[in-house]
Structure formats: C-alpha cells, structure tokens
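One is the number of the first residue; the rest follow in order along the sequence.
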Amino acid sequence: MAVAKGIIGQKLGMTQMFDEQGRAVPVTVIQAGPCTVVQRKTVARDGYDAVQLGFGAVRDKHVNRPARGHFKRADVEPRKTLGEFRLTDCDQYQEGQELRADLFEPGERVNVTGVSKGKGFAGVVKRYGWHGGGAAHGSMLHRRPASGGATGPARVFPGTGKPGHMGAARVTVKGLEVIRADAERNLLILKGAVPGAPGGVVRITKAQERPKRVARARLVKTKE
C-alpha cells in the first residue's frame, strides 16, 4: 500500500509533557533520522514507486562487499539499517538526499511499526488474557487451557490458543499524534506508546485519513 511519506527512527524512551490545561500527557521520544535516500525505485524499472532509506552509522568492517557496492553506487555512506517505503510520488526524492524529523509536522497522525518486547514462554492466561479455571479445593485446572477440541471435533483447530512464545513480534500502532518535531536534534515526540524497548528501530509513516461517514436519510412511513 502506497503511503505519502515515511522515515526510520530509534526509540529513545518515554516521558511526559503538560498540555495547555495542565494535564500530564505520556509521550514517546524517537530519534527520527537523519535518513539518507539510498535508492529510488520506479514503475518503469522496478514495477512500483518506492524509496530506500538508510539509518544509523555502521563501522566499515561490518559492511560486506555487496552492501558496500550498493552504497557506493548511490555515493552515500554505509548505513546500519535499510528500509523501503512505497510512495505515491517519488519525483521529490533524489539519491543522497537527507530526511530529518521535520518531515512531519505537529498535529499530524502517524503509524509506528516496531518489534514488541519479548516476554519468553508464557501460558494462555498471560498470553491471551484468559480467566483460567476454578480456584476451589480439588481443582486441577487453575491456569491451564483445558480441552483444545478433543471432546467434540476430536481435533485441534488452527489458531487455537496455546502456551508458547510471547512478544518479539512485528507490531504497528496507528493514529499517534505528533506533538513536536525537532529537526536540529532529530527528535520526534509522539503522544502515547510505541512498540519495542528503548533502542529499538521503528518505522514511522503518515497515517491515512479515515473517510468521513455520510449520514443516510431514513424514510419513515406515516399513517394517513
């Protein structure tokens, strides 16, 4: 799905700010950029419009030969993280161009994608929020998932909740409001929480506007 604009950043942590009414608002501070345009893809050559951004410094010894040639072709310094964003219009971007946090403006809505915190192996009560079994004396089913389908269909359906690895998955939080964009320090302050632990890499894209609901008139029959 094509987006209007996007950038790669690193989550620094959470804090709070105060609005005009004096209420504390939880915010997340993200180091958004600077990102360098490493490659620009077009419909004629690649079948779609997109730009590839590079974020974060990396030591030269950690860059292999294919990656070194890829960066050399664009005449840019090697970057630690590469991310591709499909855009509706790529003519405004050129290879070697630098994008900063002022790509977004205060008041805009953005979607943030990152890897959630890993919780290790977890049961169904913690993993899915199930209430568990009875807690009376003699109960053998306090926090277990009970039958998975053996009493009826005699098989376990796909997608049935079971204990397993929790977290460490790709998660997207939509519709976060941009509180402040500091281009000098490359800081983007968003209202609310974003996925992942401090230091994690996140993708920030502009949220699509929701279509407005149109009220439909209802015909009411009246008795003559």
Backbone N/O of G134 and side chain of H142: donor-acceptor pair under 3.5 Å:
yes

Q.
Between R109 (side chain only) and G175 (backbone N and O only), is there a donor and an acceptor less than 3.5 Å apart?
A. yes

Would you indicate whether [X], at its atom [atom1], is surrounded by more than 12 heavy atoms from other residues, nucleotides or ligands within a distance under 6.0 Å?
X    : atom1 : value
R127 : CZ    : yes
E184 : CD    : no
E20  : CD    : no
K191 : NZ    : no
R170 : CZ    : no
R185 : CZ    : no
D75  : CG    : no
Q39  : CD    : yes

Exercise. Can the positive tip of R203 be found less than 6.0 Å from the middle of the six-membered ring of F85, inside 45° of the ring normal?
Worked result: yes

For the pair [X] and [Y], find out whether any cationic side-chain nitrogen is under 4.0 Å from an anionic carboxylate oxygen.
X   : Y    : answer
R68 : D60  : yes
K5  : E108 : yes
E98 : R100 : yes

Closest approach of [X] and [Y], non-hydrogen atoms and distance?
X    : Y    : value
I30  : L190 : CD1-CD1, 3.6 Å
V76  : V37  : CG1-O, 4.2 Å
A101 : D182 : CB-O, 3.8 Å
M14  : T28  : CG-OG1, 3.6 Å

Side-chain heavy atoms nearer than 4.5 Å, only ILVMFWY residues, links allowed to pass through others: does that put [X] and [Y] together?
X    : Y    : value
V201 : V110 : yes
L103 : V29  : no
V173 : I204 : yes

Check: What's the verdict on side chain to side chain contact (heavy atoms under 4.5 Å, CB included) for L99 and L53, showing C-alpha distance, side-chain angles and the deciding distance?
Finding: CA-CA 9 Å; L99 305 181; L53 303 182; 3.9 Å; yes

Give the C-alpha distance, both sets of side-chain angles, the deciding distance and a yes or no for side chain to side chain contact (heavy atoms under 4.5 Å, CB included) between Y48 and L87. CA-CA 9 Å; Y48 61 96; L87 304 178; over 6 Å; no

